[in-house]
Trainee: 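Got a structure here, written out as structure tokens. Questions coming.
It should be emphasised that the depicted structure is a prediction, and the values quoted were computed from it without experimental measurement. Throughout, protein chains are lettered first and strands after them, A, B, ... in sequence-line order, and every chain is numbered starting at 1.
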Amino acid sequence: MNRVVTRIPPSPTGRLHIGTARTALFNYLFARHAGGKVIFRSEDTDRARSKKEYEDEIIEGLHWLGIGWDEFARQSERTARYTELLEKVIAEGKAYVSKELAKDDPEREVEVVRLKNPGKEVVFEDLVRGPINTHTGELGDFVIARSRTDALYHFAVVVDDMDGGVTHIIRGEDHIPNTARQILIQEALGAERPQYAHLPLILDEKRAKLSKRSGATSVMDYRAEGFLPEALVNYLALLGWNPGDEREDFSLTELVGAFSVEGIQKSGAAWNREKLLSVNQRWMRKLSDDQFFAALEASRPDATELASVARRAVPLLKERARTFGEARALLSGELACLFAAPELSRETLRAKEGERGTAFTKAGLEAVLHAAEALPESPDAETAKAALMPLADAEEAKEKGGRGAMLWPLRYALSGQERSPDPFTLFALLGREESSARVKKAIAILGA
RNA sequence: GGCCUCGUCGUCUAAUGGUUAGGACGCCGCUCUUUCAAGGCGGCAAUACGGGUUCGAUUCCCGUCGAGGUCACCA
């Protein structure tokens, strides 16, 4: 039994696309599961469109996701080999040189190489879909090289797969129509036919092939937004594959163990950002507070230092943010009150006092101020609650609705927000000094 | 249009000849909180349609419809 060999063959003509990453992931998982080998191959035969910076980004992005390989190849470095085999098939009469007018410039005459198409039925067994039949007659004698020394994609791919000993070709469904012509080239070359598995496409909300126009399709954009590579891998794997049961939480290592072609889906899968966000949040919550904070710092677009209170706010961020980008937005939005004293409105401060009047609200806050004196400078939220909640309960005993009548102005005095974490958590994060100062300020506003 | 592929809740999917068709995301409600968020509990929601085969079809067969892919001297 041959050792499994798969390939990751991106074309460096654009950024690292989500679809490219998923196909790479499946090739990686399949090979690793079988204890096989992965070849990374930069398909840069189109010299006009290929760029080194794209190749760099693709490699960096794949590594970021945790996807690695055992061999690295670049098609632009193998032109001599393609030429050699081109000559061979021409000499054997399986292909021929054809003088034609250039497609892009009808003034110029070129000598392209065409494969002699036997025009037969090609049937191949797809590991996902079963037998697929193609009539290759319609293809005609298709072009396999721009010239005797300049092989085209289909020829280069077949040569590389043959030389690399590739046993399994796992790629997008959009390659099904290409398969027959590649098989024809294989047969001309006398190469062994590998196994094929065509993956369902990733679709956008309109159920069309996910493209740049569909929104964010670059893996690096997701990294910049503050997604975790573990989350992206987990989500990507479950788009078009499932373990056959109800498990959904998978690390890369667990995926390697669980992966099998039987679990690959046949129909296209729509990209769903909401689900990705939820997966990401789950992975963010697995981080310890220190890890979370480090990742948050690493996700900053600029080098601005985060205030130390942000470290203590991590538990809050964990329950509110689904990405590190959202966490940053929270710190400068809803949680900005942790860093600077808010502007307070007299109206909002009095929102819950009802018929009872300003003196009522003020008395509540003064009681808080008094009780706070007994608290340490940095109490934890539980301690603050233990000291302050009885006050609210006492108010409640006096008058119906009294508990909220005290808690609301307290929370608003500390946060300046109609929505915020609870007052005890805020008190703990802010510290006794700052909290008391804010309560005093609120009392002053009420008294004015 | 030719050729190819696909068709279970809105989305990702499980079950496959016999289940009240299960889970997850989202949505809705309740509950905790007299603010949010998180948590807990519950709910709505699907086998595209029409024929067969069968005691019985989501499952097997045929057709219809629908969706997607692909038709390069790109990859």
Trainee: List the atom of T83(A), the atom of T149(A), and the distance in Å for their closest heavy-atom pair.
Mentor: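 For T83(A) versus T149(A), the nearest heavy atoms are OG1-CA, 3.5 Å.
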Trainee: Just the rounded figure in Å: distance from C1' of U5(B) to CZ of R171(A).
Mentor: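 Nearest whole value for this atom pair: 14 Å.
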Trainee: Any strand is fair game: report the nucleotide pairing with G66(B) by Watson-Crick or G-U wobble, both distances under 3.5 Å, or none.
Mentor: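 By the stated definition (distances under 3.5 Å), C6(B) pairs with G66(B).
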Trainee: Separation of E100(A) atom CD from C73(B) atom C1', in whole Å?
Mentor: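 Going from E100(A) (CD) to C73(B) (C1'), I get 8 Å.
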Trainee: Determine the sole option in Q186(A), R193(A), R41(A) for which the side chain to side chain donor-acceptor pair (under 3.5 Å) test with D161(A) is passed.
Mentor: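 Only one option passes, and that is R41(A).
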Trainee: Of the non-hydrogen atoms in R322(A) and E326(A), which two are nearest, and what is the gap between them?
Mentor: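 Scanning both residues completely, I find the closest heavy atoms to be N-OE1, 2.8 Å.
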Trainee: I need a per-nucleotide contact map over nucleotides 20-26 of chain B, read 5' to 3'. Cutoff is protein heavy atoms under 4.0 Å; write B for the base, S for backbone only, - otherwise.
Mentor: --BBBSS
Trainee: Taking the side chain of L201(A) as its heavy atoms from C-beta onward, which of U5(B), C36(B), G69(B) lies nearest to it?
Mentor: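 So the nucleotide nearest the side chain must be G69(B).
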Trainee: Give a yes/no on whether any side-chain N or O of K209(A) is located under 4.0 angstrom from OP1 or OP2 of U70(B).
Mentor: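 Yes, within the criterion.
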Trainee: Within less than 4.0 Å of OP1 or OP2 of A75(B), is there a side-chain N or O belonging to T45(A)?
Mentor: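 Looking at the OP1 and OP2 atoms of A75(B), one of them is under 4.0 Å from a side-chain N or O of T45(A).
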Trainee: Go through V279(A) and L232(A) one step at a time and tell me if the side-chain contact (heavy atoms from CB on, under 4.5 Å) criterion holds.
Mentor: CA-CA 8 Å; V279(A) 173; L232(A) 226 35; over 6 Å; no
Trainee: Quick one: which of U13(B), A37(B), U5(B) gets closest to the side chain of N242(A)?
Mentor: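 When the side chain of N242(A) is considered, U13(B) is the closest of U13(B), A37(B), U5(B).
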Trainee: Return the pairing partner of G1(B) with a 3.5 Å limit on both distances, Watson-Crick or G-U wobble; otherwise return none.
Mentor: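 When the pairing criteria are applied, C71(B) turns out to be the nucleotide that pairs with G1(B).
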Trainee: Between A37(B), C6(B), C3(B), which one does the side chain of E319(A) approach most closely?
Mentor: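 Taking heavy atoms from C-beta onward, the closest nucleotide is A37(B).
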Trainee: Would you mind telling me which of U5(B), G2(B), U35(B) lies closest to the side-chain atoms of E138(A)?
Mentor: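 Between U5(B), G2(B), U35(B), the one nearest the side chain of E138(A) would be G2(B).
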Trainee: Of all of residues 105-121 of chain A, which get a heavy atom below 4.0 angstrom from RNA chain B, listed by number?
Mentor: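 The answer is V110(A), V112(A).
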Trainee: Partner of C27(B) by Watson-Crick or G-U wobble geometry, both contacts under 3.5 Å, or none?
Mentor: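 For C27(B), the partner nucleotide comes out as G43(B), under the 3.5 Å rule.
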Trainee: Contacts to RNA chain B from residues 143-153 of chain A, heavy-atom cutoff under 4.0 Å, which residues?
Mentor: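 Within this stretch, V143(A), R146(A), L152(A), Y153(A) sit under 4.0 Å of the strand.
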Trainee: Does E84(A) pair with K88(A) as a salt bridge, N-O distance under 4.0 Å?
Mentor: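 No.
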Trainee: Given A38(B), C4(B), A75(B), identify the nucleotide with an atom nearest to the side chain of D46(A).
Mentor: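 So the nucleotide nearest the side chain must be A75(B).
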Trainee: Let's test this: given Watson-Crick or G-U wobble pairing with both distances under 3.5 Å, identify the partner of A38(B).
Mentor: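 The answer is none; no pair meets the criterion.
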Trainee: Considering every strand and a 4.0 Å limit on heavy-atom distances, what is the contact class for R207(A): base, sugar-phosphate, or nothing?
Mentor: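 Sugar-phosphate contact only - R207(A) comes under 4.0 Å of backbone atoms but never of a base.
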Trainee: Counting just side-chain N and O atoms, does H154(A) come under 4.0 Å of either OP1 or OP2 of A72(B)?
Mentor: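 No, outside the criterion.
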Trainee: Could you identify the nucleotide paired to G18(B), looking across every strand shown and requiring Watson-Crick or G-U wobble geometry with both distances under 3.5 Å?
Mentor: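 Base partner found: C55(B).
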Trainee: With both distances kept under 3.5 Å, what pairs with U33(B), Watson-Crick or G-U wobble?
Mentor: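 Check on U33(B): unpaired, no WC or wobble geometry under 3.5 Å.
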Trainee: Can you measure L316(A) atom CG to U35(B) atom C1' for me and round it to whole angstrom units?
Mentor: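 Roughly 14 Å, once rounded to whole Å.
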